[in-house]
Engineer: 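Right, I'll just put the structure down here and ask away after.
We name chains A, B, ... by the order of the sequence lines, and we start the count at 1 in each one.
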Amino acid sequence: MKFWSRFFIPTLKESPADAEIASHKLLVRAGLVRKLSGGLYTYMPLGLRAIQKISQICREELDGAGAIELWMPHVHPVELWEKGPRWAAAREIMFRADSAGDGKRAPRDPEFVLGPTHEEVITPIVKSEITSYRDLPKNFYQIATKFRNEIRPRYGLMRAREFIMMDAYSFDTTDEGAIASYQAMKTAYERFFRRIGATAIAVEADTGVMGGSYSHEFMVPAEIGDDDVIYNEESGYAANREKATSALVPADLVDAAPVGEVEEFATPGVVTIAALEAAPYSVSGDKQFKTLVYIGDGKPFIVILRGNDELEEAKLGSLGFTLFRPATPEEIEPVLGAKPGSLGAVKGTIKDPSALAGVFADHAIRLIGNGVTGANKDGFHLRNVNVTRDLAITRFGDFRRVRPGEPDPKSGQPLKLRRGIEVGHIFKLGTKYSEKFGAVYTDDQKQTQLMVMGCYGIGISRTMQALIEQSHDADGIIWPWAIAPFQVLICLLDPKVEEAMNVAKTLASAAEAAGADVLIDDREERPGVKFKDADLIGIPLRITVGGKGLKEGVIEMKWRAQKDVAKVPLAEAETTIANAVRSAAQASA
RNA sequence: CGGGGUGUAGCUUAGCCUGGUAGAGCGCCUGGUUUGGGACCAGGAGGUCGUAGGUUCGAAUCCUAUCGCCCCGACCA
């Protein structure tokens, strides 16, 4: 048991000025964290306890799923990253360090980066330590600090520059094995989130810079979340909007037959979809082709969408470019022959087709059939443009942003949208890293094979804040039992009265014996202060030992999540509390 | 990186427009009265007003630069 007066819980009456959202305010007010600088936080003693509980449950579930804990360095030689597959994409968010110390690094001084994750570290280890199929599969994990120089840290621990993360890496002999590892981790995640009392749903996700074939994110629904989740409860479809699709284009769609010849018409000054929708042109957005130009790894490429659709930029990741960005007008004109606003992809109108890395069309343009697009000549558009006859399309794909209300790809029911906080992510990586680092094994036919990898992350510190965001009221935090920094708080109203102190200690021992972590508030404060602080720090079970009750021969028992207060006769108090602790522990197991 | 906001005691802030002795509440220290939902009284400590220049007889206040922080966007494993 711990005594408040000898512990350290610096609570605040007022919210810090720089906190905007409930969970961030409560993190600070309840004395869980203190800010050092933007995105950099100290975990104060109470906050650290919650972090440790979450970590421990995470550890138990991963161990249960067969993963093996280790600990890797957080300072990485930069060469390792230069050798890996994502240096170009990841370098901007990495903190860099040199060994010179005076900022004047000589060429022979090694240069380091602070690890944002550890694929580049674990893969070489596995490469040198595992060479036989007999030693596979393996799944290694750590729970440790990660460093990412986020452009904009946000909301306390929600997006921090330094944060605590569980990261795991699986190595299998085959694709099927990798899928099994992936599934095992998905199950472990589900068990983990359930045990810590979080509502987290698995949604299909974009693989982003990580690469790899597929992935799921675990989302805690919350308005302040950074991600949009597209879902339908009935069908069970759920996906990050970056990845979400809809059944907007029927599978049995027959492409429209061409109508008329392609015909140029003057559209002076018209450079937007909206302007072409207006009189005198009156071409509705769903009859226009929107032509966007991007630069992928230095080469321009075209994306064609319906006029009233938006590009979901993350979906361009499927095209295989390491880096891509919108092209500037200066880059566009020499290739297409016109400025943005008059662009198109009709065969023969592109000035320098050989410069293009490809023309990629969203499936939904097939719904247009025959429509209008730019003529690649400033001030002119083309009508009677037919998708199958006139456009030089390299490949169709899914590039548009799904809108709520569109039909679910599984059931056809309308899709919905809500915000979520990403607390976990699992990726099936494939052989991307094994190839770069030469992580191979010998199979039972004496053949050399690439290991098939997966990687997995849980934002431990972010999860703590997400839980607060999910579970609080006007008075403070309401911790789920399993991760509460303490499970039982004994509010000792008269700490100087020896009899009361003895009762408090006896009850604390009983609760501890039943498996709870107990905090005794023995501060010489007025009762009001203690009750307010108790609500603020959100300990699930509160026992009040006060003069008033002791006169009647009772103590009081109150759950943080409930309103009612139970009076318990002193003689039964130890048993009642022990039972309450056991049943709460059981309910959250 | 673009847009907006902000920086005054440990915390929350007033004062800034219109230049003239830097104020309050909370917290802290001392004493007293209180004691079941953030008590009251009396006294006290605590500030180079983010930093650096400039204007001025005089700058928290006006000007310039710079740094930090917050929000929106872009970006983001």
Engineer: Sequence neighbours excluded, which residues qualify as ring pair (Phe, Tyr, Trp, His ring centres under 6.0 Å) partners of His472(A)?
Structural biologist: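 His472(A): no ring pair (Phe, Tyr, Trp, His ring centres under 6.0 Å) contacts found.
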
Engineer: Reading RNA chain B 5' to 3', what string of ( ), [ ], | and . shows its pairs, if Watson-Crick and G-U wobble pairs count only when both distances fall under 3.5 Å?
Structural biologist: (((((((..((((......[..)))).((((((.....)))))).....(((((..]....))))))))))))....

Engineer: Using ring centroids (six-membered ring only for Trp), state whether His425(A) and Phe427(A) fall under 6.0 Å.
Structural biologist: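 Ring centres of His425(A) and Phe427(A) closer than 6.0 Å.
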
Engineer: Side-chain donor or acceptor of Arg523(A) under 3.5 Å from a matching atom on the base of rG38(B)?
Structural biologist: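 Result: no qualifying N/O pair found.
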
Engineer: With nearest nucleotides of RNA chain B determined for Thr11(A) and Ser37(A) from heavy-atom distances, which residue corresponds to the more 5′ nucleotide?
Structural biologist: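 Closest to the 5' end, via its nearest nucleotide, is Thr11(A).
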
Engineer: Could you measure between the two C1' atoms, the one in rC49(B) and the one in rC62(B), and give it in whole Å?
Structural biologist: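 It comes out at 15 Å once rounded to the nearest Å.
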
Engineer: Can you give one letter per nucleotide of nucleotides 31-37 of chain B, 5' to 3': B if a protein heavy atom sits under 4.0 Å from the base, S if only from the sugar-phosphate, - if neither?
Structural biologist: ---BSBB

Engineer: Side-chain contact test, heavy atoms from C-beta onward, threshold under 4.5 Å: evaluate it for Lys127(A) versus Tyr433(A) and give yes or no.
Structural biologist: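 Not in contact.
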
Engineer: Nearest 0.5 Å please: distance from the CD atom of Glu217(A) over to the CD atom of Glu242(A).
Structural biologist: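 If we round to the nearest 0.5 Å, Glu217(A):CD and Glu242(A):CD are 7.0 Å apart.
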
Engineer: On RNA chain B, does the nearest nucleotide to Leu12(A) precede the nearest nucleotide to His24(A) from the 5' side, or the other way round? Give the residue.
Structural biologist: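 With Leu12(A) and His24(A) compared, the 5'-side residue is Leu12(A).
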
Engineer: Return the minimal non-hydrogen interatomic distance between Cys58(A) and Met166(A), and the atom names on each side.
Structural biologist: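 Shortest heavy-atom contact: SG-CG, 3.6 Å.
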
Engineer: Take the protein atom CG of Leu316(A) and the nucleotide atom C1' of rC76(B), then report the distance between them rounded to whole Å.
Structural biologist: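 Value for this atom pair: 16 Å.
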
Engineer: For a quick check of understanding: with a heavy-atom distance under 4.0 Å over all strands, which category does Arg152(A) fall into, base, sugar-phosphate or nothing?
Structural biologist: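 Base: the residue Arg152(A), judged by heavy atoms under 4.0 Å, touches a nucleobase.
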
Engineer: Give a yes/no on whether any side-chain N or O of Tyr155(A) is located under 4.0 angstrom from OP1 or OP2 of rC72(B).
Structural biologist: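 Affirmative; the distance criterion is met.
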
Engineer: Considering only the P atoms, how many Å lie between rA24(B) and rA42(B), rounded to the nearest integer?
Structural biologist: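 Between the two P atoms, the distance is 14 Å.
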
Engineer: Please give the distance between the P atoms of rG19(B) and rC63(B) as a whole number of Å.
Structural biologist: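 Per the computed distance, 12 Å lies between those P atoms.
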
Engineer: Among Glu331(A), Arg325(A), Glu313(A), find the residue that satisfies the side chain to side chain donor-acceptor pair (under 3.5 Å) test when tested with Tyr294(A).
Structural biologist: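 Running side chain to side chain donor-acceptor pair (under 3.5 Å) over Glu331(A), Arg325(A), Glu313(A) with Tyr294(A) returns exactly one hit, Glu313(A).
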
Engineer: P atom, rG15(B) versus rG20(B): distance in rounded Å?
Structural biologist: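 After rounding to an integer number of Å, I get 14 Å for this pair.
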
